Amino acid sequence: MKEKLKVEWISPVNTMEIIGNSLGYGMANKNLRDTLHKLYDIEWRNSPVVHFTNPQFFFRVPNRKNILFTMNEHEWLSDDYKRAFDKADSIITVSSFCKSVFEKYTDKRIDICPLGIDTSIWLPKKRIFKPGKQKFRWLYCGAPNLRKFSIMEEVWKIFLKDFSDVELYIKTTGADIPEEMGDIIRSNNWIVDNRKLPIKELVKIYHSSHAFLFLSMGEGAALTLMEAMATQMPVVTSYHTAMMDYCNELNSYPVKVDPGKIEVLVKVNDESVTKEIDAGIPNIISTMTQMSNVMYKYESASDIARQAMKDARKLTWENSAKRLKEILENLDSSSSNLA
């Protein structure tokens with residue numbers, strides 16, 4: 001018999017339609033919700049309400065404890081966060097970075113519940129690279145936006161462009177590509193794959209790649225990086241924000257970041273305006289050094305990837321669901337602000 005868990009799950013996401021920038025948020029929502037139902041006997045009547053959502057979609061359910069489960073990528077938060085924090089009874093977030101930012105904006109209780117991956121899908125594969133007999137494939141997988149792509153174009157132009165035996169595979173969805181060009185574009189030694197693939201096909205792309213390149217300027221969780229690590233792939237990643245919770249020099253190739261600025265679209269009086277905010281910019285020298293360390297010392301990189309696999313396989317949806325249950329059961333009932 002399954003243990004009981006009192007919770008109602010509120011989700012504004014249609015997981016059948018999400019692509020691009022909303023894909024990570026939406027799939028995390030679905031996977032955690034499904035795992036809760038798999039592990040526990042859910043009692044939703046008169047239970048605490050968990051809103052796994054961007055704060056702009058948060059609303060209070062009357063006469064219930066309302067918990068906002070959300071995340072962020074940068075130090076700056078929009079007014080949507082402040083409004084949602086004021087209305088919520090408590091907050092759950094996914095990383096130490098997010099908690100440290102939220103604490104500057106609210107005195108409400110904040111708990112950390114790391115997200116996870118499905119380790120029955122993201123299976124490890126021992127990779128062997130044979131110089132001269134195959135191309136070394138660098139893989140990026142993520143949304144098609146500036147925060148995620150960051151300096152990837154510069155890295156290609158300065159470092160990878162003239163390598164005939166190296167290719168950069170960019171796996172994304174929702175990119176603004178003219179229809180006549182199709183969903184896969186190849187040029188020189190780079191590939192952009194804009195298809196929304198079944199998960200098993202996506203795993204094949206991970207397994208066909210030799211190393212993962214993740215130069216994000218800020219993350220709340222970074223699920224695709226966790227997936228890459230779980231497949232025993234060497235990862236070169238920006239070392240800041242969420243990545244600092246589970247990446248280190250023993251399991252990855254951390255890239256230094258420099259203080260910088262990034263432009264984001266924000267809503268002001270229902271109008272979209274551009275705002276410049278602080279961000280961590282991956283250092284290009286550090287990036288090229290770490291990429292060289294992977295390509296030219298691949299046997300050592302494989303050892304580091306083996307440790308990455310061991311560490312990432314602790315980041316499961318089951319562990320995430322168990323942590324969420326622990327948080328819900330330990331919430332101080334006196335903190336409720338019933339409306």
Side-chain angles (χ1 to χ4, degrees), residues 11 13 15 18-36 52-54 69-74 92-99 112-124 139-145 147-150 169-174 193 196-207 209 211-247 251-252 305 308-324:
S11 169
V13 177
T15 54
I18 52 174
I19 59 171
N21 293 322
S22 61
L23 189 58
Y25 223 125
M27 293 310 297
N29 186 322
K30 177 182 185 302
N31 287 329
L32 183 50
R33 180 191 64 206
D34 290 351
T35 304
L36 287 171
F52 189 112
T53 183
N54 185 295
F69 194 148
T70 194
M71 63 200 84
N72 65 296
E73 297 83 25
H74 299 295
I92 299 174
T93 193
V94 298
S95 63
S96 302
F97 166 74
C98 293
K99 182 178 180 180
I112 297 176
C113 180
L115 299 183
I117 54 176
D118 188 336
T119 53
S120 69
I121 293 173
W122 298 100
L123 296 171
L139 173 66
Y140 162 80
C141 184
N145 62 49
R147 172 173 60 85
K148 298 275 194 176
F149 275 38
S150 73
Y169 197 109
I170 299 170
K171 181 67 196 79
T172 191
T173 59
D193 185 341
K196 186 174 181 182
L197 296 172
I199 193 73
K200 289 184 178 179
E201 294 301 311
L202 188 57
V203 172
K204 288 180 182 178
I205 292 175
Y206 275 62
H207 282 172
S209 303
F212 197 76
L213 187 60
F214 197 77
L215 303 175
S216 175
M217 291 192 278
E219 293 292 323
L223 290 177
T224 62
L225 179 61
M226 296 179 197
E227 292 163 356
M229 293 171 71
T231 68
Q232 204 170 318
M233 180 158 39
V235 300
V236 172
T237 178
S238 313
Y239 189 63
H240 69 146
T241 60
M243 288 75 88
M244 297 178 73
D245 275 6
Y246 54 88
C247 289
N251 65 18
S252 60
M309 179 268 294
K310 292 176 181 177
D311 293 343
R313 297 186 81 74
K314 300 172 187 174
L315 299 168
T316 64
W317 289 117
E318 287 76 12
N319 285 342
S320 183
K322 290 173 184 176
R323 172 59 181 152
L324 180 57

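Not measured: the values here are computed from a predicted model. For this chain, numbers begin at 1 and follow the sequence in order.
Side chain to side chain, D245 and S95 fail the donor-acceptor criterion of an N or O pair below 3.5 Å. Checked by atom type, the side-chain pair Y246/D311 shows no donor-acceptor distance below 3.5 Å. Between the side chains of E227 and T224, no donor-acceptor pair of N or O atoms lies under 3.5 Å.
Ring geometry for F69 versus F52: interplanar angle of 30 to 60°, hence tilted.
Counting only heavy atoms from C-beta outward, the side chains of I92 and L324 approach each other to under 4.5 Å. Contact of the L32 side chain with the K30 side chain is not registered, since no non-hydrogen atoms from C-beta on lie closer than 4.5 Å. The side-chain heavy atoms of L115 and W317, taken from C-beta on, include a pair separated by under 4.5 Å. Proximity of N31 to D118: side-chain heavy atoms (C-beta onward) are nowhere separated by under 4.5 Å. Within the 4.5 Å cutoff, the side chain of P114 has no heavy atoms near those of the V94 side chain. Taking 4.5 Å as the limit, every side-chain heavy atom of S238 sits out of range of all side-chain heavy atoms of M217. Within the 4.5 Å cutoff, side-chain heavy atoms of I199 are placed close to those of W122. In this structure, the side chains of L139 and I205 come closer than 4.5 Å at one or more pairs of heavy atoms.
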| Trace of the side chain to side chain contact (heavy atoms under 4.5 Å, CB included) decision for T53 with T70 | CA-CA 6 Å; T53 183; T70 194; 6.0 Å; no
| request: Might you work through the side chain to side chain contact (heavy atoms under 4.5 Å, CB included) test for M244 and S96, ending with a clear yes or no? | output: CA-CA 8 Å; M244 297 178 73; S96 302; over 6 Å; no
| task | Run the numbers on M229 and I117 for side chain to side chain contact (heavy atoms under 4.5 Å, CB included), then give the verdict. | result | CA-CA 10 Å; M229 293 171 71; I117 54 176; over 6 Å; no
| request: Could you check F212 against C141 for side chain to side chain contact (heavy atoms under 4.5 Å, CB included), going step by step and ending with a plain yes or no? | output: CA-CA 8 Å; F212 197 76; C141 184; 3.9 Å; yes
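To the nearest 0.5 Å, atom NZ of residue K99 and atom OG1 of residue T93 are 10.0 Å apart. One distance of note links SG of C247 with CE of M226; it measures 8.5 Å at 0.5 Å rounding. Taking CD of E219 as the reference point, atom OG1 of T241 lies at 6.0 Å (rounded to 0.5 Å). Atoms NZ and CG, on K148 and L215 in that order, are 12.0 Å from each other to the nearest 0.5 Å. How far OG1 of T231 is from CG of L123: 9.5 Å, rounded to the nearest 0.5 Å. E318 contributes atom CD, which lies 5.5 Å from atom OG1 of T35 (distance to the nearest 0.5 angstrom).
A distance-only check finds no donor-acceptor pair linking the side chain of T316 to the backbone of G116 [under 3.5 Å]. Distance alone, capped at 3.5 Å, is enough to place a donor-acceptor pair between the R313 side chain and the T119 backbone. A donor-acceptor distance shorter than 3.5 angstrom exists from the side chain of S216 to the backbone of G218, with no hydrogens or angles considered.
M309 approaches P124 most closely through the heavy-atom pair CG-CB, 3.8 Å. The shortest non-hydrogen separation linking G142 to T172 is O-OG1, 2.8 Å. Of all heavy-atom pairs spanning Y169 and D193, the tightest one is OH-OD2, 2.6 Å. When every heavy atom of F149 is checked against every heavy atom of A143, the shortest pair comes out as CE1-O, 3.4 Å. A pairwise comparison of heavy atoms in R323 and I112 identifies NE-O, 2.9 Å as the closest pair. The minimum heavy-atom distance between G220 and M71, with the atom names listed, is CA-CB, 4.4 Å.
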